[in-house]
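What follows is a short report on a single structure.
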Amino acid sequence: MGTPLDTVSQPRSASGRLDSGGDTGIPSGDAPPATWPHDTDALITFIETRFHAVHRRELPDLVRLARQVEASQKTHPAAPLGIADLLQCIEWDLESHMQKEEQGLFPSMRHGEHPAPAAIALMLDDHEDHAANLQRLRALTRDFSVPGDACPTWNALYAGIRKLADDLMAHIRIENDVLFPRFAA
Ligand SMILES: [Fe+2]
Ligand SMILES: [Fe+2]
């Protein structure tokens, strides 16, 4: 019934910078998938549906929640001031990046063509930028720690950000360590 699934518990990246949650300080959660299709066409569809679509669905809600928290908690000593603008930048950066993959890289990969090495290198650079933004989120949220008197919106915001971080790191690992190496020069 389904396509064959591959399992990689701890994929390794060429750069070594995204090998584990410990490298970026982003804690792992239960959201990232443990298996994915082996077939390249099915793998790309999986990336588009499990990651691209989920980022697009969740990030606008996170920006909205962040603006609410910043407005209602601005005098709280642990208020994550600036987090809404950071999440908005992450949404815009990711949208631009995902469009480049969906409109350029992925169609050629689906046709079995090898993209120019520079095109893949550009995506890898983007991934490093995404990881750096996650580090900024981690610092701004004090490792995703809500204060004891946090309101439900604040709790929901940090839970959502933690899921985003887990999803985005899994997304990057699958592209860096599973998909892109198939098209290495
Ligand atoms: Fe992607
Ligand atoms: Fe990507």
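One-based numbering, in listed order, for ligands and for the atoms of each. For the numbers below, each heavy atom of this structure counts, side chains included, while hydrogens, waters and symmetry mates do not. Positions are given from 1 along the sequence.
- Every pair passing salt bridge (charged side-chain N to carboxylate O under 4.0 Å, His left out) that includes a residue from residues 73-94 is listed here, sequence neighbours excluded: R67-D85.
- A salt bridge links R64 and D61; the closest N-O separation between the charged side-chain nitrogens and carboxylate oxygens is under 4.0 Å.
- Using a 4.5 Å heavy-atom cutoff, the side chains of V63 and I90 are not in contact.
- Contacts classified as salt bridge (charged side-chain N to carboxylate O under 4.0 Å, His left out) and involving residues 109-127 (residues at least two apart or in different chains) are given here: D41-R110, E48-R110, K100-D126.
- Ring geometry for H130 against H127 counts as tilted: the plane angle lies between 30° and 60°, on a 0 to 90° scale.
- By the ring pair (Phe, Tyr, Trp, His ring centres under 6.0 Å) test, H55 is found to be paired with H171, residues two or more places apart in sequence or in another chain being considered.
- Distances from the Fe ion (ligand 1) to each N, O or S atom of H52 single out NE2 as the nearest.
- Around the Fe ion (ligand 2), the protein contributes the following N, O or S atoms under 2.8 Å, ordered by chain and number: H97 NE2, E101 OE2, H127 NE2, E175 OE1.
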